[in-house]
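Whatever order the structure lists ligands and atoms in, that order sets their numbers, starting from 1. This structure is a prediction, so every number in the text was calculated from the model and none was measured.
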Amino acid sequence: MATSDTPRSAHARPTAGHEHSSAAQPSQQSGHSDNHAAYVALVHALLEHDRRYYVDNNPSITDHEYDVLRKRLDRIEAEHPDWVVPYSPSKRVGHVPLSAFPKVERSVPMLSLDNTYSAEELAEFDERVRRGLRSAGDPVPPAYILEPKIDGIGIELTYRDGVFILGTTRGDGLVGEDVTNNLRTIKSLPLSLRSPVGLTVRGEVYMQRDDFAQLNDARLKRGEEPFKNPRNAAGGALKQLDPRLVAERPLRVLLYELVDESGAGEHGHATHAAILDHLRALGLPVSRDIQRVDSLDALLTAVSAWQARRNSVPFDIDGLVIKVDRLAQRASLGMTARAPRWAIAYKFPAQQAITRLREIELNVGRTGTITPVAILDPVELAGTTVSRASLHNWDQVARLDLQVGDDVLVEKAGEIIPQIITVLRERRHGRERVLQPIVPPTTCPVCGDTLMRRADEVALRCPGTRPCPAQLREALAFFCNRAAMNIEGFGDKIVADLVARGLVKDVADLFSLTREQILALPRMGEKSADNLLAALTKSRKEATLSRFLTGLGMPLIGEVWAQKIADRYQSLDRLLQHSPEEVFAALAAIHGFGEERAGAVRDYLALGSTRALLNKFLTAGLSPREPERTLTSSTLLGKTLCITGTLSQPRGEIQRRIEAAGGKVTGSVSRKTSYLVIGSEPGEDKRKAAEKNSVPILDEEGLNRVLRGQ
Ligand code: IVH
């Protein structure tokens with residue numbers, strides 16, 4: 001799935017579509033003379049576009065074209081409320097809060113799986129399967145399907161005549177809870193299928209790691225407690241009684257078992273692999289990371305390969321599920337009271353470890369936030385040595401009841417920095433005297449200023465009135481970094497020296513540095529000084545407004561939104577010609593920008609210190625402007641690209657160029673991918689997937705050619 005932060009992900013986009021799913025544009029034929037058939041066709045066209053966007057990751061129309069169709073739908077539904085169908089795209093979040101979830105009894109219980117933890121245990125499983133098949137008189141050796149074991153919440157979905165009518169949680173296996181309206185809000189869950197069949201499927205609701213990190217950041221900013229892991233966040237969401245709150249959580253769904261089809265319990269498929277293909281063809285989201293193996297050796301090789309790349313999927317997996325492929329063999333193996341005999345879970349080694357908290361380091365961020373960082377006794381955790389863990393804020397320290405000297409449980413989930421999960425309080429006995437309580441600081445460890453806490457925030461902040469060298473160092477490093485102004489040579493060391501010598505008192509001062517000043521820095525040679533000056537000159541000449549705005553690090557404005565502001569104003573001069581209120585109105589009107597973000601820009605621009613800083617840049621000869629972008633260029637319209645390896649520009653920049661040409665960037669390669677773009681040190685998995693699926697491979701030059709339409 002793409003991780004791009006495009007406003008498109010902001011609209012409510014359900015899925016469904018029956019046989020009429022050519023996703024033509026029926027509404028165009030209908031014009032404004034609405035009739036019921038044209039309305040239904042429009043619903044189906046929109047549902048098919050949703051499926052292409054959220055499930056196939058391969059849209060065939062632009063966001064703008066989608067919005068036009070969606071607005072037409074809203075208008076027709078407002079004029080003809082009696083026409084509205086329950087699976088209309090407008091109905092994803094249209095349900096009133098419940099006071100409790102009704103219980104639903106199911107005829108086929110949701111079982112759990114037995115776990116294995118080693119190659120020996122897997123060999124025992126394989127032996128049990130073979131023995132079982134032999135005693136049932138089946139001479140065919142088993143083949144297995146390997147699937148990621150998604151660390152989410154198990155669910156069951158029922159479709160009747162192709163329409164989603166019921167969704168339940170596992171509950172105790174036999175009796176689940178009806179969470180249909182909550183599940184309806186999940187955009188990758190099709191509200192209707194590509195053909196009008198009746199079926200019951202099972203799968204998992206989960207959250208991607210990047211979505212989870214964003215959700216937690218937002219919660220922390222609002223002073224709310226962060227979720228412990230994506231699984232808890234997903235589980236908590238499904239238990240919300242108000243579907244509107246569920247819709248705010250970035251949930252996704254993947255399906256992995258067919259329970260029955262058309263109510264008959266018979267679906268005519270011989271293998272699990274065929275079923276998964278069938279579910280995919282109906283428009284249901286099914287993992288693409290599925291492998292078939294036909295021997296124990298192949299199984300063990302595949303399992304250990306998976307272990308090494310468990311973080312290559314964008315969501316947490318706690319292991320693999322290994323299933324007998326042939327359904328006839330499954331039937332003869334049967335099940336125990338708890339779990340099927342034809343499947344087993346293989347659990348990866350824990351990503352948790354116990355270690356001791358040595359001290360708390362104070363980190364002063366770019367905006368003055370003082371966060372505690374735990375310094376730990378080094379410990380091996382999922383293949384790396386961990387000696388630091390992030391603590392979100394001082395409230396978390398208090399909540400954990402953390403003391404220096406405590407033994408703590410640390411956990412690493414994917415690429416996220418290790419977290420302290422809990423304090424092992426029982427290990428304190430007899431050691432009480434060596435423990436030291438952690439007291440939040442009252443002054444900045446760098447500039448000594450008195451810290452403050454804003455009413456709406458949990459964070460402790462250094463007001464930076466002195467001003468604070470730590471904040472300035474962070475701000476400079478942020479401004480110069482690759483994703484922002486990309487000013488070469490201004491690494492942490494140089495930046496620290498410039499600040500320590502008092503040569504730079506704000507970010508704009510960079511552009512007034514003289515050769516003599518730079519040469520006076522410790523261990524600075526003539527050549528290096530000239531390189532630094534050349535980098536500044538280049539930046540003065542070439543700075544784009546989008547990179548400049550990114551570098552300022554305004555609250556809530558990362559690369560994507562900086563680009564939107566730059567597209568609107570083109571140059572810093574023009575931006576400054578407008579009042580903060582005018583800027584607010586203009587930005588809030590941009591699709592997906594939102595009032596909160598526009599308000600943050602307004603507040604930032606309204607500060608006297610901001611205006612002074614921005615004018616100082618102009619005076620120092622830096623007047624960033626945005627190059628003409630052919631925003632309507634469509635050389636990549638409807639195309640999906642995946643990037644691997646390092647290219648000459650930051651990923652964000654390449655992605656921006658691809659999106660400006662109508663393309664979409666995804667994180668993985670499938671047969672739907674139009675091109676794989678390869679830089680230096682590419683990921684082998686992606687290259688192999690491209691070869692397997694006959695996806696054309698482009699180097700950077702090739703990409704540039706395609707972008708130019710050549
Ligand atoms: S198959 C009887 N496949 O793991 C078959 N389950 O520990 C059981 N899970 O309850 C389900 N990924 O919630 C299956 N690819 C996958 C899975 C999976 C995650 C969950 C599921 C199940 C639990 C068992």
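- Looking at atom 20 (C) of ligand 1, its nearest protein heavy atom turns out to be E204 OE1, 3.5 Å.
- Looking at I317, I150, I322, L255, it is I150 that brings a heavy atom closest to atom 19 (C) of ligand 1.
- Counting only heavy atoms of the protein, atom 10 (O) of ligand 1 lies nearest to L111 O, 3.9 Å.
- With 3.5 Å as the limit, one finds no donor-acceptor pair spanning the side chains of Y206 and D316.
- For ligand 1 and P340, the ligand atoms under 4.0 Å from any heavy atom of the residue are 2 (C).
- At the shortest separation from atom 3 (N) of ligand 1 among protein heavy atoms lies K323 NZ, 3.0 Å.
- Ligand 1 lies nowhere less than 4.0 angstrom from a heavy atom belonging to M335.
- When heavy-atom distances to ligand 1 are checked against a 4.0 Å cut-off, R202 has no atom that comes that close, whether in backbone or side chain.
- Q307 pairs by the side-chain contact (heavy atoms from CB on, under 4.5 Å) definition with Y346, F348, P349, not counting sequence neighbours.
- Proximity of A339 to ligand 1, defined as any heavy-atom pair under 4.0 Å, is not found for any part of the residue.
- Nearest protein neighbour of atom 7 (O) of ligand 1, counting heavy atoms only, is K149 NZ, 3.0 Å.
- Remark: minimum distance from atom 17 (C) of ligand 1 to any protein heavy atom is reached at Y256 CE2, 3.3 Å.
- Residue-ligand proximity, E147 to ligand 1, at heavy-atom distances under 4.0 Å covers atoms 3 (N), 15 (N), 16 (C).
- Heavy-atom proximity to P148, at under 4.0 Å, picks out these atoms of ligand 1: 12 (N), 15 (N).
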Pairs of donor and acceptor atoms involving the side chains of residues 330-341, under 3.5 Å and at least two apart or interchain, shall be tabulated with distances.
unit_1 : atom_1 : unit_2 : atom_2 : d
R330   : NE     : V324   : O      : 2.9
R330   : NH1    : E257   : OE1    : 3.2
R330   : NH2    : H272   : ND1    : 3.3
R330   : NH2    : V324   : O      : 3.4
S332   : OG     : A328   : O      : 3.4
S332   : OG     : Q329   : O      : 3.2
T336   : OG1    : R338   : N      : 3.3
T336   : OG1    : A339   : N      : 3.1
T336   : OG1    : A339   : O      : 3.0
R338   : NH1    : S112   : OG     : 3.3
R338   : NH2    : L113   : O      : 3.3
R338   : NH2    : D114   : OD1    : 2.9
R341   : NH1    : L333   : O      : 3.1

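- In this structure, a donor-acceptor pair under 3.5 Å is present between the side chains of E261 and H278.
- The pair R134-E127 counts as a salt bridge, with a side-chain nitrogen and a carboxylate oxygen less than 4.0 angstrom apart.
- The shortest contact between atom 5 (C) of ligand 1 and any protein heavy atom is with L113 CD2, 3.9 Å.
- Within the cation-pi definition used here (under 6.0 Å to the ring centroid, within 45° of the axis), K664 qualifies as a partner of Y53.
- Judged by the 6.0 Å and 45° rule, R219 forms a cation-pi pair with F227.
- In the model, Q419 has no side-chain atom that pairs as donor or acceptor with a side-chain atom of E411 under 3.5 Å.
- Side-chain atoms of R326 and T271 include no donor-acceptor pair closer than 3.5 Å.
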